[in-house]
2 protein chains.
Amino acid sequence: MSEEGYKRKEDCPLTFALTIIGSKWRLPIIWALWKNKRIRYNELKRQVDGITNMVLSQSLKEMEKQGLIVRTQFMEIPLRVEYSLTEAGEALIPSLKSLAEWGKEMQIKVKAHV
Amino acid sequence: MSEEGYKRKEDCPLTFALTIIGSKWRLPIIWALWKNKRIRYNELKRQVDGITNMVLSQSLKEMEKQGLIVRTQFMEIPLRVEYSLTEAGEALIPSLKSLAEWGKEMQIKVKAHV
DNA sequence: TCCTTTACTCAGTTTTTACTGACTTAGTAA
DNA sequence: TTACTAAGTCAGTAAAAACTGAGTAAAGGA
């Protein structure tokens, strides 16, 4: 998409990026991860208000596979597991900020129309 | 989200931006609109391969309400209707390009891991 | 002893999103 | 007369995503 037509939509880097950040809870998770630098599972769950264990744990697994985050397990009892953004994950932030600024402008315009 | 915590997720400009571009067909539509500058309904449908009338027409309506696109109807017979991005819609493009570049890097990394 | 914490997992159900395929009105071309 | 183009609409259904609520093991505290 970014340059020319892709045969399959999955090949388009932009569509690909959206599959990574486009579902309901991805941004809140990424945001909490970024604010906290590193964070434990339950604390993350508290910060990402309203998320269920199922969605959170599955999201974390997928994001780990995708190379967005790292999971570090400490050999302690009780178990300690910390999550943090990878470099690739952090590289997303500027794009998100740019999108957020556009979103902010749009919100203002939408309000002005009411 | 972009600066501080929002009480409601809908208030976050980034979440808001994603509701605009995050569903399955939004990017392909925006992309076609941007490439063509102005385009008629059926031509748009041909270019956005695989989209159904229902999804396309509903998407266009919502995007018009959101101020992303304009619908211009010509008083001709047969009916001619053209769609194009608004300024606000075009302002999205740089953010999308930035996201697309990030996506491209990620795709390369993912492939390297296989 | 009972309750809480840690980091999850799971079956079942609801909600959301998208797809199927037919239909519309008016005009042109074969 | 039949068929096709324009720009859609619509009821019904399937598929995808998210939610509900409970359960797990091992340890610490009241």
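Just so it is clear, the values below take in all heavy atoms, side chains as well, and ignore hydrogens, waters and symmetry mates. The sequence lines fix the lettering, A, B, ..., with proteins before strands; numbering per chain opens at 1. What you see is a predicted model; the values in this text were computed from it and never measured.
- The shortest distance between side-chain heavy atoms of A:Arg26 and A:Ser59 falls below 4.5 Å.
- Along DNA chain D, the stretch of nucleotides lying under 4.0 Å from any heavy atom of chain B spans, 5' to 3', D:dA6 to D:dA11.
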- With sugar-phosphate taken as primed atoms, P, OP1 and OP2 and all else as base, the protein-contact string of nucleotides 4-19 of chain C at under 4.0 Å (heavy atoms; B, S, -) is --BBBBBB------SB
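- Between A:Trp102 and B:Leu14, the closest side-chain pair of non-hydrogen atoms is not below 4.5 Å.
- No continuous path of hydrophobic side-chain contacts links A:Val70 to A:Ile93 [ILVMFWY only; heavy atoms under 4.5 Å].
- Between B:Phe74 and B:Leu79 the shortest side-chain heavy-atom distance does not fall below 4.5 Å.
- Salt-bridge check for B:Glu64 with B:Lys61: failed, with every basic side-chain N at 4.0 Å or more from each acidic carboxylate O.
- Note on residues 68-78 of chain B: pairs passing side chain to side chain donor-acceptor pair (under 3.5 Å), not counting sequence neighbours, are B:Arg71-B:Gln73, B:Arg71-B:Tyr83, B:Glu76-B:Arg80.
- Residues B:Met63 and B:Ile29 are in side-chain contact: their nearest non-hydrogen atoms beyond the backbone lie under 4.5 Å apart.
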